[in-house]
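These notes concern the structure reproduced below.
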Protein chains: 2
Amino acid sequence: MTENGQEISKIAIDPVIFTIHLSKLKVLLHVREKEPFADMKELPGGLLLHNETAEESLKRKLKELVGQENLFFKQFYTFTEPNRDPRERTISIGFVSLINEAKIKELVRWFDYDSIKDLAFDHKKILQTARNYLKENVNSSIVKYFMPKLFPLNKLQEVYEILEERKYDNRNFRKKMISSSIVEEMNQLEQNVSHRPAKLFRFK
Amino acid sequence: MTENGQEISKIAIDPVIFTIHLSKLKVLLHVREKEPFADMKELPGGLLLHNETAEESLKRKLKELVGQENLFFKQFYTFTEPNRDPRERTISIGFVSLINEAKIKELVRWFDYDSIKDLAFDHKKILQTARNYLKENVNSSIVKYFMPKLFPLNKLQEVYEILEERKYDNRNFRKKMISSSIVEEMNQLEQNVSHRPAKLFRFK
DNA sequence: CCAAAAGTGTTAGTAGTACACCCATGA
DNA sequence: TCATGGGTGTACTACTAACACTTTTGG
């Protein structure tokens, strides 16, 4: 605190990185080694360095975490509770980031969103706010980031359903995607499946 | 800067307070007295105090600025450019806030959004981001904050048109508002107008 | 009686919803 | 031939868009 009562603070970014794997929404978490909250899980955030914007800091973090810096990301809220970090005041800029499972090397640190219990600090609240943001902003340009280049329409439908927590009618869903030119059919079929192979589509 | 390169920063809030007066979108601005940017206009922001969340700080500011603290407000983005304040690092949490013109005592410090030129710091950018946020999030629960308790439907249409920068067909607009139960007719007429008086409505 | 803004209905097109069976493939 | 998921059409409803004239009031 400076002498006139104006606060100075550390600045953190907390990325909530989502992916979909085996029909489940997953989030990247760390296990804390040190106090406070030792052994609890936390979002893989970090502090802003000198001369760095929040977005630059996030990109640095994404590269470190998943080896890539050109993922989708979006600021969704800044958390400013004075005691959210018991050590010293730290405000945290929350980001939602999305990654396609095919780009992930190891799945160890990814946890089912629905099974996540307590997290360190206020990270449970940050996580829920991010989930809510994601749910309210589902559209084809968001969903795109979860999909591989080529995919069957039914996989696309599944991703929409997981993100929005609702069901679509299969016939209506296909009609909508095709007629609104969101996707286009490629001349390829799914391989190595023990049922009728699906036609593959891509985003236009 | 702390010794390991981790940045500490002052934390500001910058409220972009909108109202509509005489069919124009207006914003509350201050004229700076001191350097840097002396005599230029700026958003009426301020620094977070010790033990204060961004939202508490904003409410304190709103009370000071317009005498009320229960206005609509929403965080829309946090600005973190390292040199956005030439004196020392300050990040700013941007808020959109809305007020009905009837609650404003003096209109001196309110400026037409469309006529605002350069502002101090990065406030022009903050202002444009806020305007954009507002435009993309127009709905009846936002528009409500611009309206008095009772209003003619045509005034409501005008507010939608200003916020969204588009026109509505008068007949279709009225049908939609009434049939979707957003508003209800009261048994009162406009007073003291030199033309056919309009029926007054309120939000349900 | 004029100026000013309020108020009113119909039609056509588009988008969304509900619904049940056959198809192609591998095992 | 069976199990598995892929793939298809029609009818109804709801919403959106286009469009022009009459009404009520004060001055």
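Just so it is clear, the model here is predicted, and its values are computed rather than measured. Every chain is numbered from 1 and lettered A, B, ... according to where its sequence line falls, protein lines coming before strand lines.
Considering only side-chain N and O atoms, Asn154(A) lies under 4.0 angstrom from the phosphate OP1 or OP2 of dG6(D).
One side chain, Asn172(A) or Lys175(A), offers a donor N or O that lies under 3.5 Å from an acceptor on the other. With hydrogens and angles left out, the side-chain atoms of Glu101(A) and His21(A) include a donor and acceptor closer than 3.5 Å. One side chain, Glu7(B) or His50(A), offers a donor N or O that lies under 3.5 Å from an acceptor on the other.
Remark: aromatic rings of Tyr133(B) and Tyr77(B) are distant, center separation not under 6.0 Å. Here the two rings, on Phe151(A) and Phe203(A), have centers that are under 6.0 Å apart.
Within the 4.5 Å cutoff, the side chain of Leu119(A) has heavy atoms near those of the Lys41(A) side chain. Side-chain atoms of Leu43(B) and His30(B), non-hydrogen and from C-beta on, never get closer than 4.5 Å to each other. Phe95(B) places a side-chain heavy atom less than 4.5 Å from the side chain of Glu55(B).
With the nearest nucleotide of DNA chain D identified for both Asn172(A) and Val193(B), Asn172(A) has the one nearer the 5' end. Residues Arg196(A) and Tyr168(A) each lie close to DNA chain C; by heavy-atom proximity, the contact nearer the 5' end of the strand is made by Tyr168(A).
When each of Lys63(B), Lys61(B), Lys103(B) is tested with Glu69(B) by the rule salt bridge (Lys or Arg N to Asp or Glu O under 4.0 Å), just one qualifies, namely Lys63(B).
Looking at residues 174-184 of chain A, you'll see Arg174(A), Lys175(A) sit with a heavy atom under 4.0 Å from some atom of DNA chain D.
Rounded to whole angstrom, the span from the NZ atom of Lys167(B) across to the P atom of dA18(D) amounts to 15 Å. One can place NZ of Lys155(A) at 15 Å from C1' of dG7(D), the figure rounded to the nearest angstrom. Atoms CG (Asn170(B)) and P (dC21(D)) sit 16 Å apart, rounded to a whole Å. One atom, CD of Glu185(A), and another, C1' of dG6(D), lie 12 Å apart when rounded to the nearest Å. For the pair Leu200(A) CG and dG7(D) P, the computed distance is 9 Å after rounding to whole Å. In this entry the distance linking CD of Gln191(B) with C1' of dT25(D) reads 12 Å, nearest Å. Nucleotide dG5(D) holds its C1' atom 14 Å from the CG atom of Leu189(A), rounded to whole Å. What separates CZ of Arg171(B) from P of dT23(D) is a distance of 15 Å, to the nearest Å.
Of all nucleotides in DNA chain C, those with any atom nearer than 4.0 Å to a heavy atom of chain A start and finish, going 5' to 3', at dT17(C) to dG26(C).
Distance from the side chain of Ala198(A) is smallest to dG6(D) among dG6(D), dT24(D), dC19(D).
Asn192(B) comes within 4.0 angstrom of nothing in the nucleic acid, heavy atoms only.
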